[in-house]
Every structure is written in structure tokens, then in C-alpha cells.
Amino acid sequence: MKFAEFDQMMRVYEESLDQYILPDMYMVARLDGRSFTRLTKRVCRFEAPFDIAFRDLMINTVRALMNTGFRIIYGYTESDEISLLFHPTDNTFSRKVRKINTTLAGEASAIFSLALGQAATFDCRVIPLPNADRVADYFLWRQEDAHRNSLNAHCYWALRQDGMSARAATSALEGMNVQGKNELLFNRGINYNDLPNWQKRGVGIRPAAVQREGFDPLRQEKVIAVRRELTTEEELPLGNEYRQFILKLLNDADDACDSKAAI
Ligand SMILES: Nc1nc2c(ncn2[C@@H]2O[C@H](COP(=O)(O)OP(=O)(O)OP(=O)(O)O)[C@@H](O)[C@H]2O)c(=O)[nH]1
Ligand SMILES: [Mg+2]
């Protein structure tokens with residue numbers, strides 16, 4: 001058999017599970033740290049429930065992922081997860097699911113591990129969404145998840161500090177409603193509303209136009225240049241305001257930076 005025929009015969013098997021995100025579908029990729037409960041508590045011992053150093057490692061990873069050649073117009077991180085919103089016309093790897101997932105998971109794992117100085121891995125799933133409203137719903141959903149996680153985590157660690165075992169703290173919180181959890185914290189001197197917003201709402205990263213002073217060597221004078229840079233937002237809006245924030249991002253997507261040029 002000639003190699004060309006052999007090659008064609010084998011490629012049929014290799015490509016049998018390949019899928020593509022259809023044109024006109026919006027794409028979000030979500031990455032999640034693997035076994036980060038163990039990593040954050042046993043291997044590296046980050047402060048619980050929230051550690052600024054861990055948050056900054058996640059933000060650093062999002063910013064780096066936004067510069068890996070995909071056109072990503074918004075990055076969001078909460079806990080050990082990252083969501084990336086692609087420019088609607090992004091056609092990297094012809095939108096092949098396997099390439100997007102493996103490349104982003106590999107990049108995130110490498111970036112995070114190098115910054116941490118310890119091996120850590122992420123999985124990735126790319127999610128097709130049919131319209132802008134569902135994209136906004138997606139980010140509202142992850143923000144709601146951040147909110148629930150942070151309330152739970154604060155309660156859990158408050159109970160652990162009272163001397164409860166992991167099992168007893170978990171079962172004490174099962175079935176407790178939001179008001180009960182708020183009261184549990186309040187009785188221990190913590191007003192949940194006063195906790196930092198990045199813990200309750202997550203953190204957003206997006207390209208924005210910023211003015212930078214430069215020097216024109218021909219005219220030998222200072223010039224103001226508008227550059228696209230990534231900005232990090234620790235004070236994200238909530239609810240309908242957040243929906244409008246996401247819809248505006250999509251609306252402005254054509255002006256959004258080519259992520260390859262952003263720093
Ligand atoms: N100590 C500490 N832990 C954190 C912080 N942020 C996230 N985590 C932990 O990261 C873990 C993320 O949860 P999951 O993704 O559900 O759990 P996982 O162990 O990564 O499990 P898989 O994702 O299924 O592999 C939780 O245990 C969080 O408490 C932090 O700032 N400090
Ligand atoms: Mg995880």
C-alpha cells in the first residue's frame with residue numbers, strides 16, 4: 001500500500017471523533033483546576049477560604065491565556081475556574097473542539113505551574129452558546145456560583161475555627177438556608193456583605209483602550225498613543241448590571257482588541 005493511501009486509511013480513525021463548533025455559535029471555554037482542594041490545602045497550604053496569592057495566580061493565568069493567539073474578549077475567574085469568551089468570529093483551529101480544549105488546558109497548566117513552582121493541571125471544556133442572552137446568562141450563572149461558594153466556604157471555615165471536624169462542619173451546613181449562613185457568620189463577627197467583592201463575585205479581565213505616552217523619533221516629540229491593554233476588574237457589577245456589561249462587551253466586540261496585541 002502506498003503511504004498516501006495508508007495515511008488516508010488511518011486518518012479516518014483518528015478523525016472519527018472530531019467535532020467543530022458551528023459558525024455563528026458563541027464560544028466560552030471553562031477551565032477548572034484538577035484536585036485543587038488537595039493542592040490548596042495539603043500541597044501548598046494557601047490561606048482558607050481565600051488567599052490573595054492564589055487569586056493572583058489565577059488572574060495571571062487568565063491574562064496569559066488571553067495572549068495565546070485566540071481572540072478572547074473577556075476572561076473571568078472565581079475559585080479554581082476560568083471562563084474565556086471568544087470573539088464571535090474567532091476561527092482558530094477551524095473551531096475544532098479537541099484542539100481548543102487541549103491547547104487551552106495545556107497552556108493554563110504550564111502557565112500556572114511555572115508561576116506556582118509546583119505541577120498543577122487544568123481541564124477545559126468549550127461550550128457553544130446560541131445567542132448573546134445565553135452568553136450573559138452563562139456569566140451570571142458562574143457569578144452566582146462564586147457567590148454561593150464563597151458564602152459556603154466562609155461558613156465552613158468559621159465552623160472549623162470553632163473546632164468542628166471537616167465532616168461535622170459539612171453536615172452542619174447541609175440544608176442551612178442563605179439567611180442561616182449569613183447569621184452564622186454575623187454571630188462570629190463577620191458581616192458577609194462587607195467581605196471583598198472579588199471573593200463574592202469573581203474577577204473579570206478584558207481588553208480596554210488606554211492612553212500611553214510615547215516618543216516619535218522622527219518628529220523628536222512626545223506623543224500620546226492609544227493602546228489596547230488588559231484591565232483587571234475586582235469590582236464586577238451584579239445581576240442586570242452584569243448582564244448589560246456582558247452584552248456591551250459582545251456589542252463592542254468588533255472594536256475589541258486583537259488579543260495577540262494586548263499585554
Ligand atoms: N485555600 C484556598 N482554597 C481555594 C481558594 N480558591 C479555591 N480554593 C479551593 O479550590 C477547590 C476548588 O473546588 P473544585 O474544583 O470543586 O474541587 P477540586 O478539588 O479542584 O476537584 P476537581 O475540579 O473535580 O478536580 C475548593 O476546595 C476550594 O476551596 C483559595 O483562595 N484558598
Ligand atoms: Mg477543580
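These numbers come from the heavy atoms of this one structure, side chains and all, not from hydrogens, waters or symmetry mates. When a ligand or atom number is given, it counts from 1 through the structure's own listing order.
- Relative orientation of the Phe245 and Tyr74 rings is perpendicular, given thresholds of 30° and 60° on the angle between their planes.
- Listed by first and then second residue, the salt bridge (charged side-chain N to carboxylate O under 4.0 Å, His left out) pairs involving residues 4-26 are Asp7-Arg11, Arg11-Glu14, Asp18-Lys96, Asp18-Arg98 (not counting sequence neighbours).
- In terms of protein heavy-atom proximity, atom 25 (O) of ligand 1 is closest to Ser35 N, 2.7 Å.
- The shortest contact between atom 31 (O) of ligand 1 and any protein heavy atom is with Asp51 N, 2.9 Å.
- Salt bridge annotation for Arg30-Asp123: absent, with no cationic side-chain nitrogen under 4.0 angstrom from a carboxylate oxygen.
- Grouped by direct or indirect side-chain proximity (heavy atoms under 4.5 Å, Ile/Leu/Val/Met/Phe/Trp/Tyr only), Leu247 sits alone.
- Under the 3.5 Å distance criterion, the side-chain polar atoms of Arg63 are matched with a main-chain donor or acceptor of Leu230.
- In terms of protein heavy-atom proximity, atom 20 (O) of ligand 1 is nearest to Phe36 N, 2.8 Å.
- Atom CG of Leu114 sits about 10.0 Å away from atom OG1 of Thr61, to the nearest 0.5 Å.
- Met58 and Phe46 fall within the same hydrophobic cluster, defined by Ile, Leu, Val, Met, Phe, Trp and Tyr side-chain heavy atoms under 4.5 Å apart, directly or through other members.
- Counting atoms of ligand 1 from 1 in the listed order, those under 4.0 Å from a heavy atom of Thr37 are 11 (C), 17 (O), 18 (P), 19 (O), 20 (O), 26 (C), 27 (O).
- In summary, the aromatic rings of Phe50 and His154 are positioned with their centroids under 6.0 Å apart.
- If you look at the Mg ion (ligand 2), the protein N, O or S atoms less than 2.8 Å from it are Asp32 OD1, Gly33 O, Asp80 OD2.
- Annotation: Tyr138 is not in aromatic contact with Tyr76 [ring centroid separation under 6.0 Å not met].
- When only interatomic distances are considered, the shortest N/O to N/O separation between Phe50 and ligand 1 does not fall below 3.5 Å.
- Counting heavy atoms closer than 4.0 Å to ligand 1, residue Phe54 contributes side-chain atoms (C-beta onward) but none from N, CA, C or O.
- A donor atom on one side chain and an acceptor atom on the other are not found under 3.5 Å apart for Tyr156 and Thr170.
- Considering backbone and side-chain atoms together, Pro49 places an N or O closer than 3.5 Å to an N or O of ligand 1.
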side-chain contact (heavy atoms from CB on, under 4.5 Å) evaluation trace for Ile246 with Val135:
CA-CA 8 Å; Ile246 299 293; Val135 174; 4.0 Å; yes
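- Remark: minimum distance from atom 29 (O) of ligand 1 to any protein heavy atom is reached at Lys41 NZ, 2.9 Å.
- Atom 16 (O) of ligand 1 is never approached by the protein to below 4.0 angstrom, counting heavy atoms only.
- Scanning all protein heavy atoms for the shortest distance to atom 7 (C) of ligand 1 gives Ser79 OG, 3.3 Å.
- An N or O contact shorter than 3.5 Å links Glu47 to ligand 1 by distance.
- When only interatomic distances are considered, the shortest N/O to N/O separation between Asp80 and ligand 1 falls below 3.5 Å.
- The ligand atoms of ligand 1 that sit less than 4.0 angstrom from a heavy atom of Phe46 are 1 (N).
- Summarising the geometry of Phe139 relative to Tyr242, their closest heavy-atom pair is O-CE2, 3.5 Å, with the distance given to 0.1 Å.
- Ligand 1 places these atoms under 4.0 Å from at least one heavy atom of Asp32: 15 (O), 23 (O).
- With sequence neighbours excluded, no residue satisfies side chain to side chain donor-acceptor pair (under 3.5 Å) with Gln161.
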